[in-house]
Amino acid sequence: MDKFLITGPCKVRGQVSISGSKNAALPILASTLLFDKPVIIENLPRVRDIDTMLNLLKSLGSKIIFSKNKKTVKIHKTKKQNYFASYSLVKTMRAGILVLGPLISKYHKSITSLPGGCLIGARPVNYHLSALKKLGMKYEIKKGYIHATSKGKLKGTMIKFSKISVGATENSIIAATLAEGKTTLKNCAIEPEIKDLTNFLKSAGANIKWIGKRTCQIIGVNSLNSTGYSVMGDRIETGTFCVVAALTKGDLTIKNFNPKLIQTELNLLKRSGAKIKTNKNEIKIKGPQKIKSINSIVTKEYPNFPTDLQAQFMVLMCKANGISSITESIFENRFMHVAELRRLGAKIVIKDNKATIEGNTEFIGAELMSSDLRASVALVLAAIISKGRSVINRIYHLDRGYEKIENKLRKIGVRIKRLS
Ligand code: EPZ
């Protein structure tokens, strides 16, 4: 298994270009199952979860043609349509559940594996299933698979999500696209990646309108047209590189992401002392000489502070001047990085879902173990500001969601090597 060798401390300077968003590309790729005609998707990040989703689509009968750099795909439907989404593929990538909505909407049948748990929490799919059921899906769960059918087309209806869920919102929007009549979804998640999904579907002729802050109205259409679409930049990769600059008194220009989509994070970084200038698709960020502590950060649904940047900000607060706290309110077990940060010298106390972080801690390089995708990148950040050598094991977690991160980091001055 690959590992990273990082020798710190480093200071970053220069320019980094952000890859396409994994969390926008996954639902967009899943929704191509709705199409009869070919579609072209551009700006895909070269990360393992995208390969897994493309393999899943192939197993369902889609034909995938890659461009040379593999960042663009042309997806064709073939005659051998399949409706079985296997555990072997879905277990490695929870977003596999997103094929259920399009399969039931287009083909009125599907046998899709339950995604299984993951490190950061149980992550059930009850909101997905209850919403699709309201649209007319009948299902029963047998041996870890969702056996789903519908009597002909799904029927539009009003659905109010009891809890805001990114995946359940995406599955429902995709399913309602070909349903009969009008569907109104209330209490939707409104992450930018979901807007990217609805922009993609609208570019193919879907009738989708955001009629309220968290209310989406979909009028079903009979079929979708061919379209080409370029996936938005990755919001979490952008936030991660902003933290790298803030952590290392760095000076970075971050390109290919619309800074308007991360106002909350940029305001927090300004509160910590970073100097930030933004243009249309560019962020210039300079790290402060002294990082200011922020006494209470709480992860919430968009447009609030995202859970996917919680671990990265925790590293920043370890170096801030004073006591800070971070409360994780989205997932029940997303502090796996804390034990590893303590091995470097972090002083963090966890009580329930709140972490209290003592600032001004000296980090000394050590051997570390990755866990979930975002916790792993937090260990990379911590190793970058540690004195001496750190080895980070099991970086396959990182390869799931960060495209060639060691190349991007080396280019801006980080001493990092991948050991295979
Ligand atoms: C998406 O996961 C992202 N994944 C996650 O990013 C992100 O952390 C999460 O949204 C929150 O922003 C993708 O977009 C592929 P949810 P998702 O449904 O859709 C509970 C990463 O690192 N819940 O908004 O699974 C759930 O357990 C990943 O890229 C139910 O209980 O998130 C969680 O506690 C990690 N029942 C909360 O709701 C359900 O049916 C929010 O989950 C669905 C969710």
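In listed order, ligands and their atoms are each counted from 1.
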Atom CE in M137, atom NZ in K151: separation rounded to 0.5 Å? 14.0 Å

What residue and atom, counting heavy atoms only, is the protein's closest point to atom 23 (N) of ligand 1, and at what distance? Y127 CE1, 3.8 Å

Return the residue, atom name and 0.1 Å-rounded distance of the protein heavy atom closest to atom 27 (O) of ligand 1. R123 CA, 3.3 Å

Value rounded to 0.5 Å, distance of CD1 in I323 from CE in M317: 12.0 Å

Gap separating the CD1 atom of I285 from the SG atom of C242, nearest 0.5 angstrom: 4.5 Å

Report the nearest protein non-hydrogen atom to atom 6 (O) of ligand 1: residue, atom name, distance rounded to 0.1 Å. D308 OD2, 3.0 Å

Out of curiosity, T299 OG1 to N304 CG, how far, rounded to the nearest 0.5 Å? 9.5 Å

Does R334 come within less than 4.0 angstrom of ligand 1, counting non-hydrogen atoms of the residue? yes

Looking only at non-hydrogen atoms, which of A375, G167, A25, S329 approaches atom 19 (O) of ligand 1 most closely? G167

Backbone or side chain, does any N or O of K22 fall under 3.5 Å from an N or O of ligand 1? yes

Are any of the N/O atoms in F331 less than 3.5 Å from those in ligand 1? no

I need the nearest protein heavy-atom contact for atom 18 (O) of ligand 1: residue, atom name and distance, please. S165 OG, 2.7 Å

Going by atom types only, do T240 and Y402 share a side-chain donor-acceptor pair under 3.5 Å? yes

Between S203 and T227, is there a side-chain donor-acceptor contact under 3.5 Å, judged purely by atom types and distance? yes

In terms of relative ring orientation, are Y107 and Y83 parallel, tilted or perpendicular, with 30° and 60° separating the classes? tilted

Which residue holds the protein heavy atom closest to atom 22 (O) of ligand 1, what is that atom called, and what is the gap in Å? R374 NE, 2.9 Å

Any idea which protein heavy atom is nearest atom 24 (O) of ligand 1, and the distance to it? V166 N, 2.8 Å

Taking atom types as modelled and ignoring hydrogens, do the side chains of R46 and S19 form a donor-acceptor contact shorter than 3.5 angstrom? no

Atom indices of ligand 1 within 4.0 angstrom of K163 heavy atoms, with elements: 37 (C), 38 (O)

Top protein contact for atom 3 (C) of ligand 1, by heavy-atom distance: N23 ND2, 3.8 Å

Is it the case that over 12 heavy atoms from other parts of the model lie below 6.0 angstrom from the NZ atom of K58? yes

What I want to check is whether the side chains of H337 and Q310 have a donor and an acceptor closer together than 3.5 Å. yes

Kindly say whether the aromatic ring centers of F161 and Y127 come within a distance under 6.0 Å. no

Salt bridge (charged side-chain N to carboxylate O under 4.0 Å, His left out) assessment of E140 paired with K142: CA-CA 6 Å; E140 52 174 340; K142 286 187 280 192; 3.6 Å; yes

Using a 4.0 Å cutoff against the non-hydrogen atoms of H128, which atoms of ligand 1 qualify? 40 (O)

Top protein contact for atom 41 (C) of ligand 1, by heavy-atom distance: I330 CG2, 3.8 Å

As an exercise, identify every atom of ligand 1 less than 4.0 angstrom from a heavy atom of V125. 39 (C), 40 (O)

Is it the case that ligand 1 has an N or O less than 3.5 angstrom from some N or O of E170? no

Below 3.5 Å, N or O to N or O, backbone or side chain included: is there any such pair between P124 and ligand 1? yes

Taking only non-hydrogen atoms of T307 and a 4.0 Å limit, the atoms of ligand 1 in range are 8 (O), 11 (C)

Ligand-side contact atoms (ligand 1) for residue partner N126, heavy atom cut-off under 4.0 Å: 30 (C), 31 (O), 36 (N), 39 (C), 40 (O)

